[in-house]
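Start at 1 with the first residue, then count along the sequence.
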Amino acid sequence: MASQKFTAKLAAIEDSPHQPAKLQQYNDLLNEIVASSSGDELAQDIVYYLDSILSEDISIVATRSLLDSFIPILQKLESETKIKVGQHAVALLQSRAASVEEQDSQIREILADAYESEEEYTAAARVLQGISIDSSQRLVSDAAKARLWIRIVRYYLEDDDTTNAETTLNRIKNLPSKIEDHDTQLYFQLSQARILDARRRFLEAAQAYYSVSLAPGVDEGDRLTALSAAIRCAVLAPAGPQRSRSLSRLYKDDRASSVEEFSILEKMFLDRLLNGEEVAAFAKKLEPHQLALTADGTTVLDKAVIEHNLLAASKLYENITVDALGIILGLQTSDDLSAGEKAEAYAARMVEQGRLRGRIDQIDGIISFDTGVSGGSTSDTNGTALRQWDFGVQALAESVERVAASISDQFPDFASSQMVH
């Protein structure tokens, strides 16, 4: 309930026949309310004040002027009061928003700030979506539209609502002009990466995060954070040639050795088997959606590690029994399938999708891995072996170069003394 003294004063102002004097009386009363009320009483007094100035008896011209005076007051209120008052103002303006679009958008932005401070991100996004940006009454540039939509996307992503975030992000893609503002471009790229990540499109997400890590004008700490995210997504991506290229690009980045994920990146890039302890340590760094269960009851990480270890085993063995492969992959026997049968199923799927070269003898329970194309000639096999040899030499040379660089950084005097002049 509003204070009785202010209710009486509002009634007196409403009955006043002098329109110019009314505006000053309303503004004076608003300042008096703010100065003498607090808490819930303040919110209720302002709500009654809004009911009065936004009534049909007040002209649009007068309403705009009164709202212009009200907005700075709203900006200074406490978040809780700001939300109560802002919600009421937005609701009252819905029927008249076309006439006061500028004031309506300012109130909505203030209300969104208040929601953000209370971590009510979806509410903040929805109130911003009510801002009119395509009206002939108010000219909004493409750059301003992009900044508004990026803010909405950010709010939805805070609450893991990737569906609404992606819908809003697509509106930016359809803008007739390109985004020129650097910060907006960066937020756009990062939002796109987060959406791809949340939708488990990990290869695309890895590329998007990596692009952010290379963007100019980004703090070095943020660059490394984006690089770490790119590595995590690359590790979680389905094993195969595309992921191998992504891992190669990340592994060869000079900054990779300075992030925590480098150990698992190196093992995956070099096709080494991963053990349970390494996987468990890596899992602690993942987001909840990256650890969600898939249809077969395993996590995305479990599946990625199993497929990687299967590829790594194909580099170590020419052939292997499915039971032995199941042990290497760390698969457990379930009610319906043995570990060997599970290993066979993984291998069959990867062969079918072209991510693994090999043949499965189901009668003898043996998987034979191909170094060349299936049924290929000796020259094909030799050519593949030669390429593998070259790849191994290249990896060794890069490892030696990294060690030499580390020694030079740690012991510059010793490194200088060893140089041949």
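Using modelled atom types and a 3.5 Å distance limit, the side chains of Gln129 and Tyr156 yield a donor-acceptor pair. For the residue pair Gln189/Gln185, the side-chain donor-acceptor check at 3.5 Å is not satisfied. Looking only at atom types and distance, the side chain of Thr299 has a donor-acceptor partner in the side chain of Asp302 under 3.5 Å away. Counted by atom type alone, Tyr210 and Asp253 present one or more donor-acceptor pairs between their side chains at under 3.5 Å. Remark: the Gln207 side chain and the Ser211 side chain contain an N/O donor-acceptor pair separated by less than 3.5 Å.
Applying the side chain to side chain donor-acceptor pair (under 3.5 Å) test to Asp323 and every residue at least two apart in sequence or in another chain returns nothing. Residues satisfying the side-chain contact (heavy atoms from CB on, under 4.5 Å) criterion with Ala283, sequence neighbours excluded, are Leu291, Leu301. For Asp28, the side-chain contact (heavy atoms from CB on, under 4.5 Å) criterion is met by Gln24, not counting sequence neighbours. With sequence neighbours excluded, the residues forming a side chain to side chain donor-acceptor pair (under 3.5 Å) with Ser117 are Ser79, listed by chain and number. Ser141 pairs by the side-chain contact (heavy atoms from CB on, under 4.5 Å) definition with Ala143, Ala144, not counting sequence neighbours. Legend: residues meeting side chain to side chain donor-acceptor pair (under 3.5 Å) with Arg64, ordered by chain and number and at least two apart, are absent. Every residue two or more places apart in sequence or in another chain was checked for a side chain to side chain donor-acceptor pair (under 3.5 Å) with Gln94, and none qualifies.
When side chains are defined from C-beta on, Ser52 does not count as touching Ile13, because their heavy atoms never get closer than 4.5 Å. Counting only heavy atoms from C-beta outward, the side chains of Leu74 and Ile46 never approach each other to under 4.5 Å. Counting only heavy atoms from C-beta outward, the side chains of Gln103 and Leu93 never approach each other to under 4.5 Å. Looking at Ile150 and Leu169, their side chains come closer than 4.5 Å, going by heavy atoms from C-beta outward. In this structure, Leu148 and Val140 have side chains that are not in contact, with every pair of non-hydrogen atoms separated by 4.5 Å or more. A 4.5 Å side-chain heavy-atom check between Leu227 and Leu250 finds at least one atom pair inside the cut-off. Contact annotation: the side chain of Ile320 approaches that of Phe369 to within less than 4.5 Å [non-hydrogen atoms, C-beta and beyond]. Looking at Arg357 and Val351, their side chains never come closer than 4.5 Å, going by heavy atoms from C-beta outward.
Asn174 places a side-chain N or O within donor-acceptor distance of the main-chain N or O of Asn170, the cut-off being under 3.5 Å. Judged by distance alone, with hydrogens and angles left aside, the side-chain atoms of Asn309 form no donor-acceptor pair with the main-chain N or O of Ile328 at under 3.5 Å. Proximity of a side-chain donor or acceptor of Arg108 to a complementary backbone N or O of Leu128 within less than 3.5 Å is not detected. Judged by distance alone, the side chain of Ser248 and the main-chain N or O of Arg245 form no donor-acceptor pair under 3.5 Å. Formation of a donor-acceptor pair under 3.5 Å by the Ser228 side chain with backbone atoms of Leu224 is found in this model. Proximity of a side-chain donor or acceptor of Arg359 to a complementary backbone N or O of Asp370 within less than 3.5 Å is not detected.
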task = Quick one: do Glu307 and Tyr346 satisfy side-chain hydrogen bond (donor to acceptor under 3.5 Å, both in side chains)? Show the steps, please.
result = CA-CA 7 Å; Glu307 291 185 348; Tyr346 272 103; over 6 Å; no

key: Evaluation steps, side chain to side chain contact (heavy atoms under 4.5 Å, CB included), between Ile231 and Tyr209   = CA-CA 9 Å; Ile231 293 173; Tyr209 278 126; over 6 Å; no

message = The test is side chain to side chain contact (heavy atoms under 4.5 Å, CB included); show your working for Glu341 and Val322 and say whether it passes.
response = CA-CA 7 Å; Glu341 288 172 328; Val322 293; over 6 Å; no

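For residues 217-267, the ring-ring contact (aromatic ring centres under 6.0 Å, His included) pairs, not counting sequence neighbours, are Tyr251-Phe262, Tyr251-Phe269. Every pair passing salt bridge (Lys or Arg N to Asp or Glu O under 4.0 Å) that includes a residue from residues 70-86 is listed here, sequence neighbours excluded: Asp40-Lys84, Glu80-Lys84. Counting only residues at least two apart or in different chains, ring-ring contact (aromatic ring centres under 6.0 Å, His included) contacts with residues 72-131 are absent. Residue pairs meeting the salt bridge (Lys or Arg N to Asp or Glu O under 4.0 Å) criterion with at least one partner in residues 189-200, sequence neighbours excluded, are Glu166-Arg199. Each salt bridge (Lys or Arg N to Asp or Glu O under 4.0 Å) pair with one or both residues in residues 275-289, not counting sequence neighbours, appears once here: Glu260-Lys285, Lys267-Glu278.
Heavy-atom minimum distance, Leu331 versus Ala343: CD1-N, 3.4 Å. Closest heavy-atom contact between Thr81 and Gly39: OG1-O, 4.2 Å. Summarising the geometry of Ala304 relative to Leu236, their closest heavy-atom pair is CB-O, 3.7 Å, with the distance given to 0.1 Å. Heavy-atom minimum distance, Ala124 versus Ala112: CB-O, 3.7 Å. When all heavy atoms of Leu311 and Gly240 are compared, the closest pair comes out as CD1-N, 4.0 Å. A pairwise comparison of heavy atoms in Leu203 and Ala237 identifies CG-CB, 3.6 Å as the closest pair.
Here CG of Leu92 is found 10.0 Å from CG of Leu67. Values are rounded to the nearest 0.5 Å. To the nearest 0.5 Å, the span separating CD on Glu109 from CG on Asp104 amounts to 10.0 Å. Remark: Arg232 CZ to Glu261 CD distance equals 5.0 Å, nearest 0.5 Å. Atom CD1 of Ile172 and atom CZ of Phe188 lie 6.0 Å apart (nearest 0.5 Å).
Around the CD atom of Glu220, the shell of radius 6.0 Å holds more than 12 heavy atoms that belong to other residues, nucleotides or ligands. Shown here is Gln242, whose CD atom has no more than 12 heavy atoms of other residues, nucleotides or ligands within 6.0 Å. Taking a 6.0 Å sphere around CZ of Arg151, one finds it holds more than 12 heavy atoms contributed by other residues, nucleotides or ligands. Atom CG of Asp219 sits in a crowded spot, with more than 12 heavy atoms from other residues, nucleotides or ligands closer than 6.0 Å. Within a 6.0 Å sphere centred on OH of Tyr187, other residues, nucleotides and ligands contribute 12 heavy atoms or fewer.
Using a 4.0 Å cut-off between charged side-chain N and carboxylate O, Glu204 and Arg201 make a salt bridge. In summary, Lys22 and Glu14 do not engage in a salt bridge, as defined by a charged side-chain N under 4.0 Å from a carboxylate O. In summary, Asp181 and Arg147 do not engage in a salt bridge, as defined by a charged side-chain N under 4.0 Å from a carboxylate O.
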